[in-house]
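One structure is given below, encoded as C-alpha cells.
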Amino acid sequence: MLSIKTLRENLSDVQDRLALRNSEISFDQWLARDKRQRVLKQKVEALKFKKNQSSKEIPRLKRAKEPIDALLKEMKVVSEEISVDEAELKIIEAENKDFLLTIPNLPHSTVAVGKSEVDNQEVRRWGQAPEFSFEVQNHWVLGESLGILDFERGAKISGARFVLYRGLGARLERALINFMLDLHTDKHHYREILPPFIVNRASMTGTGQLPKFEEDLFRLKDSDDFLIPTGEVPLTNIHADEILSESDFPISYTACTPCFRREAGSYGQDTRGLIRQHQFNKVELVQFSRAEQSYALLEKLLKDAEAVLQKLGLHYRVVSLCTGDLGFSAAKTYDIEVWIPAQNKYREISSCSNFEDFQARRAKIRYRTTDGKIRHPHTLNGSALAVGRTVVAILENYQQEDGSIVIPEVLRPYMGGIAQIG
RNA sequence: GGAGAGGUGGCUGAGCGGUCGAAAGCGGCGGUCUUGAAAACCGUUGAACUGAAAGGUUCCCAGGGUUCGAAUCCCUGCCUCUCCGCCA
C-alpha cells in the first residue's frame, strides 16, 4: 500500500511511476472521495467535540441540581447528526481503503524501464551449461523411466498438475530441502520457521495476494481461509500488527513450505513435467530491515539464494526485472534462472524482491527507532530455492547417456551416500 | 463435538455507565549515586488521524445496538483458555 500522504502530495509523480509498470490508474474518483472524506471528518470531529463537552457538563449540572432537559434534548439531535455523517464517512473510508489496496508498488529508481520480460536486464552468469555428447532427455522422461516421478498416478489421485515422487525421487526432494535449510540456518544465519500452510484473509491482504489475485489461490470451502501460494505469506505476517525495535534488525527467517497455486490463466504452459504444478515445495527466505539497509540486504539475500545453485554446481544467470515485469508488491526483483538443457534455455528458479514498506504498511508492521519514532520496516523475500524446479535442473543437468542421474557431491550425505540414481 | 471462563497499553493486571486513554507492577528510556556496573531513588514512557502550533478526534478483540454519555449494559461474530469426549 502506498502512503496516502505520498498520493496527496506527489500524485502526478506516482502516476508516472505506475505507468512505467503498465499500470494506468485513474485517481479522479479517489481524489473526490478523499476531499469529501476530509470535509466530513472535520465536521464529525467538531460535533463530537461538542458532544464530549456536554458529556462532561451534564454530570456537573446534575450534581448542582440545575436543569439539564434542554441540554439533553439538544445533544440527542447532535448525536443523530453524528451518526448520519459517520455512516457516510465510514463508507467513503472503506472505498478509499479498498482502492488503495489495488494499487501496485512503485518501481525503485534502479529498475530498468521496460514493457515485458524481454526488457529484463541480465546481471550476471555463473558457471557453464554442461555439454552432452548424446541427445539430452527432458526431466519427465528421465524421471518416469527411472521410476522416481509418476505423473499418471499424480493425475489419478488429484488431477492435472499433480505429481507423485517415488523412492529416490522423494528422497532427492527431501535431501534438497534439508540441504537448503541447513545452509541457510547454519551458514547464512536465518532462523528456521515451520509456519501454518493455511492462512486467513488478513494475512493474504498483508502481503498483497489479496484483494486482486484471489483467482490464483485455493480457498477453503467453509471458511475465509486460503492455502498459501508461498511461504512469504506466513513468514512476512509473523510480525503483522507489531511494533518491533530498531535493534531487532535485520530479522531473517527461512522455511520450507508447500506452495499451492491455481495456475489460472496458464493453460497450455508447461503442461508436462514439474515446472508448473498446483503444489510444490519451496524454501523461502524472508527479511525485515531498517529502511536504509534494505537494498544492501537484497543483494545479500540474492547471494544466499545463488549459493544454493553454486554448491549444486548448476549453471544459472541473474536477471533484474524491468518495470513492466515486476510483481504487484515488489519495488525491485531479481530472478535467478537456472539452465534447463532439454529446453535449451534458462528458467526461473528463484525470485528475490524488496517490497520496501509496501507490505509493512498493509500488514501494519512497524518499528520504533532508537530516537523513539515509529516507522515501517522494509520487507524482502526470495526463494532459495523452488525445490521442484531444482529437481528438474538436477535431473536434466546431471543426466548420463544411459539415463541415470549423478547426484551432486553436496547432496550425497543427505542421500544416504548414494552417488547416482539408476 | 459437549460444558464453562475470558479477550484492557511492550508484558502482567485493576476498573464494570459520566471525574478513564485507562490504577498498580514489570519492562523501556532519561537522570542522581558509582572508577564502571548492579542496587536504590527521582522523572518519563501507547497508537492512528488531523493541525504551523495550541489543540482536536479515534482506539480497552471486531461489528451492530441501548443511552445525553459505554472499557463498563445488550446482541452477533472471531479468537484464546479450562474441563469432558474423540483423535495424529
Side-chain angles (χ1 to χ4, degrees), chain A residues 1-9 30-31 33-101 194-206 210 219-226 234 237-249 251 258 288 357-377:
Chain A
M1 195 163 64
L2 305 180
S3 85
I4 296 177
K5 216 174 181 170
T6 307
L7 291 177
R8 284 178 184 155
E9 290 168 7
W30 176 79
L31 273 171
R33 276 197 312 251
D34 188 52
K35 204 175 244 172
R36 175 71 182 147
Q37 176 181 327
R38 299 178 84 164
V39 169
L40 261 182
K41 191 150 192 154
Q42 274 180 19
K43 185 180 169 204
V44 168
E45 286 188 1
L47 287 171
K48 283 187 171 176
F49 177 58
K50 199 167 165 190
K51 181 181 101 173
N52 290 342
Q53 294 296 311
S54 304
S55 290
K56 281 177 199 160
E57 197 66 8
I58 286 167
R60 236 194 40 229
L61 293 174
K62 259 188 179 169
R63 255 180 277 117
K65 306 244 191 260
E66 292 187 35
I68 54 172
D69 287 5
L71 188 52
L72 290 188
K73 206 172 268 179
E74 188 193 340
M75 291 327 295
K76 193 167 179 98
V77 174
V78 169
S79 283
E80 271 159 19
E81 195 174 353
I82 288 173
S83 79
V84 168
D85 287 339
E86 217 164 31
E88 185 188 349
L89 183 61
K90 210 158 213 174
I91 291 168
I92 290 175
E93 281 177 336
E95 283 172 348
N96 282 349
K97 179 89 193 285
D98 289 348
F99 171 70
L100 290 183
L101 286 173
L194 206 169
F197 304 151
I198 294 173
V199 300
N200 57 29
R201 181 170 290 272
S203 295
M204 284 294 187
T205 306
L210 291 178
R219 184 181 154 189
L220 271 56
K221 184 171 178 294
D222 296 317
S223 69
D224 205 18
D225 299 318
F226 302 82
N237 279 288
I238 286 175
H239 296 298
D241 287 311
E242 291 184 12
I243 299 178
L244 301 159
S245 162
E246 181 162 14
S247 57
D248 295 336
F249 296 118
I251 298 172
F288 299 78
D357 62 5
F358 187 84
Q359 293 181 322
R361 191 167 269 119
R362 294 169 82 100
K364 294 200 188 66
I365 307 165
R366 290 161 293 173
Y367 69 99
R368 195 183 305 279
T369 62
T370 44
D371 57 346
K373 293 200 169 60
I374 301 282
R375 299 186 61 184
H376 293 285

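A, B, ... follow the sequence lines: proteins, then strands. Residue 1 opens every chain. Atoms considered below: every heavy atom in the structure, side chains included; atoms not considered: hydrogens, waters and symmetry mates.
Atoms CD (A:E242) and P (B:A47) sit 16 Å apart, rounded to a whole Å. Distance CG (A:L71) to P (B:U67): 17 Å, rounded to an integer number of Å. Remark: P of B:C59 and NZ of A:K90 are 9 Å apart, rounded to the nearest angstrom. One atom, CG of A:L89, and another, P of B:U50, lie 13 Å apart when rounded to the nearest Å. In this structure, CD1 of A:I365 is placed 17 Å from C1' of B:G10, rounded to the nearest angstrom. For the pair A:I91 CD1 and B:G64 C1', the computed distance is 15 Å after rounding to whole Å. Rounded to whole Å, atom C1' of B:C61 lies 11 Å from atom CG of A:D241. A:K51 places its NZ atom 7 Å from the P atom of B:U58, with the value rounded to the nearest Å.
As judged by a 4.0 angstrom heavy-atom cut-off over every strand, A:K43 is placed among residues making no nucleic acid contact. At the heavy-atom level, A:R60 lies nowhere under 4.0 Å from the strands shown. In this structure, A:S79 reaches the sugar-phosphate backbone alone: every heavy-atom distance under 4.0 Å involves primed, P, OP1 or OP2 atoms, never a base. The residue A:I374 sits close only to the backbone: its heavy atoms come under 4.0 Å of sugar-phosphate atoms, none of a base.
When the options A:R33, A:R36, A:R38, A:K41 are evaluated for a salt bridge (charged side-chain N to carboxylate O under 4.0 Å, His left out) with A:E93, the one that passes is A:K41. Looking at A:E57, A:M75, A:K62 one by one, the single match for side chain to side chain contact (heavy atoms under 4.5 Å, CB included) with A:I68 turns out to be A:K62.
A:N237 places a side-chain N or O within 3.5 Å of a backbone atom of A:S203 that can act as its donor or acceptor partner.
When distances run from any side-chain atom of A:M75 to the nucleotides B:U57, B:A47, B:C68, the shortest one goes to B:C68. Of the candidate nucleotides B:U58, B:G18, B:G56, B:G18 has the atom lying nearest to any side-chain atom of A:K62. With B:G51, B:C68, B:A47 as the candidates, the nucleotide lying closest to the side chain of A:R38 is B:G51. Of the candidate nucleotides B:A47, B:G18, B:C49, B:A47 has the atom nearest to the side chain of A:R368. Side-chain atoms of A:E45 lie closest to B:C49 of the nucleotides B:U58, B:C68, B:C49. Counting only heavy atoms from C-beta on, A:S55 has its side chain closest to B:G69 among B:G69, B:C49, B:A48. Proximity note for A:P59 (side chain, C-beta onward) versus B:U57, B:G18, B:A47: the nearest is B:G18.
Pair check for B:C11 finds B:G25; Watson-Crick or G-U wobble, both atom distances under 3.5 Å. The nucleotide B:C73 finds its pairing partner in B:G65, both defining distances of the Watson-Crick or G-U wobble pair being shorter than 3.5 Å. When both distances must be under 3.5 Å, the Watson-Crick or G-U wobble mate of B:G17 does not exist. Across every strand in view, B:C59 sits in a pair with B:G46 that passes the Watson-Crick or G-U test at under 3.5 angstrom. Across all strands shown, nothing is found opposite B:A52 as a Watson-Crick or G-U wobble partner with both distances under 3.5 Å. Judged by Watson-Crick or G-U wobble contacts below 3.5 Å, the nucleotide B:U35 has no partner. Of all nucleotides present, only B:U80 satisfies the Watson-Crick or G-U wobble test against B:A5, with each distance under 3.5 Å.
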Could you walk me through whether A:F288 and A:I365 pass the side-chain contact (heavy atoms from CB on, under 4.5 Å) test, one step at a time? CA-CA 9 Å; A:F288 299 78; A:I365 307 165; 3.9 Å; yes
A:K50 vs A:E74, test: side-chain contact (heavy atoms from CB on, under 4.5 Å). Steps then yes/no. CA-CA 11 Å; A:K50 199 167 165 190; A:E74 188 193 340; 3.6 Å; yes
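Taking atom C1' on both B:G56 and B:C61, the two are 27 Å apart, rounded to the nearest angstrom. Nucleotides B:A47 and B:U8, compared at atom C1', are 14 Å apart to the nearest Å. On the C1' atoms, B:G64 is 30 Å away from B:U82, given to the nearest whole Å. Annotation: B:U12 and B:U67 have their P atoms spaced 36 Å apart (nearest Å). Of the P atoms belonging to B:G77 and B:A3, the separation is 15 Å, rounded to the nearest Å. Going from the C1' atom of B:G17 to that of B:G51 covers 33 Å, rounded to whole Å. For the P atoms, the distance from B:C41 to B:G25 is 11 Å, rounded to whole Å. Atom C1' of B:G2 sits at a distance of 38 Å from the matching atom of B:G10, rounded to the whole Å.
Looking at A:K97 and A:M1, their side chains come closer than 4.5 Å, going by heavy atoms from C-beta outward.
Of all the heavy atoms in A:L244 and A:H239, the pair that sits closest is CD2-ND1, 3.5 Å. Here the shortest heavy-atom pairing between A:I82 and A:K51 reads CD1-CD, 4.1 Å.
Projected onto RNA chain B by closest heavy-atom contact, A:K73 and A:Q53 fall at different nucleotides, the more 5' of which corresponds to A:Q53. Ranked by how close their nearest RNA chain B nucleotide is to the 5' end, A:R8 and A:I243 are led by A:I243.
Taking 3.5 Å as the limit, the base of B:G56 and the side chain of A:K48 contain no donor-acceptor pair of atoms between them.
Here A:N52 reaches the OP1 or OP2 of B:U58: one of its side-chain N or O atoms lies under 4.0 Å away.
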